[in-house]
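Counting convention: from 1, in listed order, for ligands and their atoms alike.
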Amino acid sequence: MESLIIGNKSARLPIIQGGMGVGVSLSGLAGAVAASGGIGVISAAQIGFDEPDFYTNCPASNIRALKKHISAARETSFGKGGLVGVNIMAATSEYRAHVQASCEAGADLIISGAGLPADLPGLVQGYERETKIAPIVSTARAVRVILKLWEKKFGRTADLVVIEGPAAGGHLGFSAEQLTALTPDAYDKEIREIISVVNSYGEKFGCQIPVAVAGGIFDKNDIAHALSLGAKGVQMATRFVVTKECDASLPFKEAYLKARACDIEIIKSPVGMPGRAIHNAFLEEIASGPSPVTRCLNCLSGCNPAKAPYCITQALIRAVKGDVDHGLVFCGLNASRLHQMTTVSALMEELTQEDNR
Ligand SMILES: Cc1cc2nc3c(=O)[nH]c(=O)nc-3n(C[C@H](O)[C@H](O)[C@H](O)COP(=O)(O)O)c2cc1C
């Protein structure tokens with residue numbers, strides 16, 4: 001398998017571990033993936049949730065924790081051929097501060113979706129060699145919008161583009177109708193179109209812009225398929241949850257191992273976007289009526305606590321800490337195919353071993 005080259009940076013293996021908030025991908029998982037030669041991604045979403053002053057000084061606790069986890073992952077993986085990235089959702093209220101902190105702490109890459117990261121190039125100015133930038137898009141329309149905007153406003157383009165398809169976990173960039181209507185073949189066509197748009201920007205700027213495909217990538221056949229469409233790598237998240245190194249609690253990982261296909265459903269998150277999660281008592285409870293937000297930490301710019309059916313930060317924190325019946329357990333479509341725990345190195349080996357037949 002070829003390395004993933006992103007401008008002046010490269011990872012020995014073309015596998016990006018997708019960022020998972022809140023607290024699912026921190027330095028434990030990201031450091032292990034980068035130490036195995038891939039790109040380990042820390043999620044910046046409410047990363048300070050375990051800091052003592054999280055509820056009294058949320059912004060400062062998030063910045064402190066973000067810098068701490070980037071340094072720890074860099075230390076674990078130093079000299080081992082991988083890269084350390086950060087996922088920062090465009091909808092985050094503290095977006096600017098999180099980008100700044102990631103650059104200062106030496107993140108190799110910032111991956112940004114859940115909305116359009118319109119201002120990202122301006123926020124990394126001065127760090128272009130050290131910190132690469134990648135938007136997450138789900139459609140050809142979205143990639144055209146963001147790359148045109150970046151060209152017009154900043155005279156630059158993306159270093160990498162992540163395409164996130166309908167089988168992904170967490171918030172999804174599709175309407176509920178699109179999710180049911182899209183067939184794998186139709187989405188392969190969309191992927192090809194996105195790659196052709198990205199390549200046209202590469203030609204315009206005289207550079208190669210690699211594309212990574214995400215959403216439902218499960219084994220090396222899926223990786224081979226993504227590469228056959230013209231991608232240079234993949235981004236995977238769900239499979240990394242059931243590793244020893246994943247930063248979530250054991251009950252969170254066990255919820256994945258127990259989930260059947262019929263337990264995985266599409267939900268509407270408080271910010272209006274659809275998401276994918278494991279059915280549990282919490283989802284039944286909010287389906288029967290809202291759970292008022294009593295303490296708002298102002299995490300997402302699009303969330304109105306007076307109208308939100310529940311607090312997504314609290315629901316995600318409960319889940320990651322192990323209260324999986326009363327929390328929100330985000331997962332990808334393929335979580336029901338997971339039956340045993342593994343380690344990051346065993347998973348990376350499984351995904352990249354050459355076929356000797
Ligand atoms: C538990 C969980 C949490 C996630 N949280 C985020 C997030 O905070 N921000 C984001 O951009 N993507 C998030 N994602 C999406 C992943 O980064 C990834 O792109 C996607 O899940 C890939 O599909 P796969 O899980 O089928 O491999 C999350 C996914 C999961 C499973």
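Between Gly19, Ala91, Ala237, it is Gly19 that holds the heavy atom closest to atom 28 (C) of ligand 1. In this structure, of Val241, Val162, Val213, Asn87, the residue bringing a heavy atom nearest to atom 11 (O) of ligand 1 is Asn87. Remark: among candidates Gly18, Gly115, Gly170, Gly169, the nearest residue to atom 15 (C) of ligand 1 is Gly169, based on non-hydrogen atoms.
Distance alone, capped at 3.5 Å, is enough to place a donor-acceptor pair between the Arg12 side chain and the Ser36 backbone. A distance-only check finds no donor-acceptor pair linking the side chain of Gln46 to the backbone of Val22 [under 3.5 Å]. At distances below 3.5 Å, at least one donor-acceptor pair connects side-chain atoms of Thr238 with backbone N or O atoms of Gly332. Within the 3.5 Å criterion, the main-chain N or O of Gly28 finds a donor-acceptor partner in the side chain of Asp247. Although no hydrogens or angles enter the test, the distance criterion places a donor-acceptor pair under 3.5 Å between the side chain of Asp263 and the main chain of Arg260.
Note that Arg239 lies in the cation-pi zone of Phe218, set by a 6.0 Å cut-off to the ring centre and a 45° limit from the axis. Both the sub-6.0 Å distance and the 45° axial angle are not jointly satisfied by Lys253 relative to the ring of Tyr256.
Those atoms of ligand 1 with a heavy atom of Phe330 less than 4.0 angstrom away are 1 (C), 2 (C). The Tyr256 neighbourhood of ligand 1 comprises atoms 1 (C), 31 (C), with distances under 4.0 Å to a heavy atom of that residue. Interface of Met236 with ligand 1, defined as ligand atoms under 4.0 Å from a residue heavy atom, comprises 27 (O). Using a 4.0 Å cut-off to heavy atoms of Ala167, the atoms of ligand 1 that qualify are 26 (O). Interface atoms of ligand 1 facing Cys331, defined by a heavy-atom separation under 4.0 Å, are 31 (C). Close contacts of ligand 1 with Thr238, meaning ligand atoms under 4.0 Å from a residue heavy atom, involve 24 (P), 25 (O), 26 (O), 27 (O), 31 (C). Listed by number with element, the atoms of ligand 1 under 4.0 Å from a non-hydrogen atom of Ile136 are 11 (O). Each of the following atoms of ligand 1 lies closer than 4.0 Å to a heavy atom of Gln235: 17 (O), 18 (C), 19 (O).
In terms of protein heavy-atom proximity, atom 2 (C) of ligand 1 is closest to Met20 CG, 3.5 Å. For atom 19 (O) of ligand 1, the closest non-hydrogen atom of the protein is Glu164 OE2, 2.5 Å. When only non-hydrogen protein atoms are considered, atom 26 (O) of ligand 1 lies nearest to Gly216 N, 2.7 Å.
Summarising the local packing, CD of Glu350 is surrounded by more than 12 heavy atoms from other residues, nucleotides or ligands at distances under 6.0 Å.
The salt bridge (charged side-chain N to carboxylate O under 4.0 Å, His left out) test with Asp108 singles out one residue from Arg129, Lys132, Lys9, and that residue is Lys9.
An N or O contact shorter than 3.5 Å links Gly21 to ligand 1 by distance. No N or O atom of Ala168 sits closer than 3.5 Å to an N or O atom of ligand 1.
The stretch residues 268-292 participates, sequence neighbours left out, in no salt bridge (Lys or Arg N to Asp or Glu O under 4.0 Å) pair at all. Evaluation of the ring pair (Phe, Tyr, Trp, His ring centres under 6.0 Å) test over residues 266-299, restricted to residues two or more places apart or in two chains, returns Phe282-Tyr310.
Within the 4.0 Å heavy-atom shell around ligand 1 one finds Gly215.
The proximity of Met89 to ligand 1, defined as any non-hydrogen pair under 4.0 Å, is limited to the side chain.
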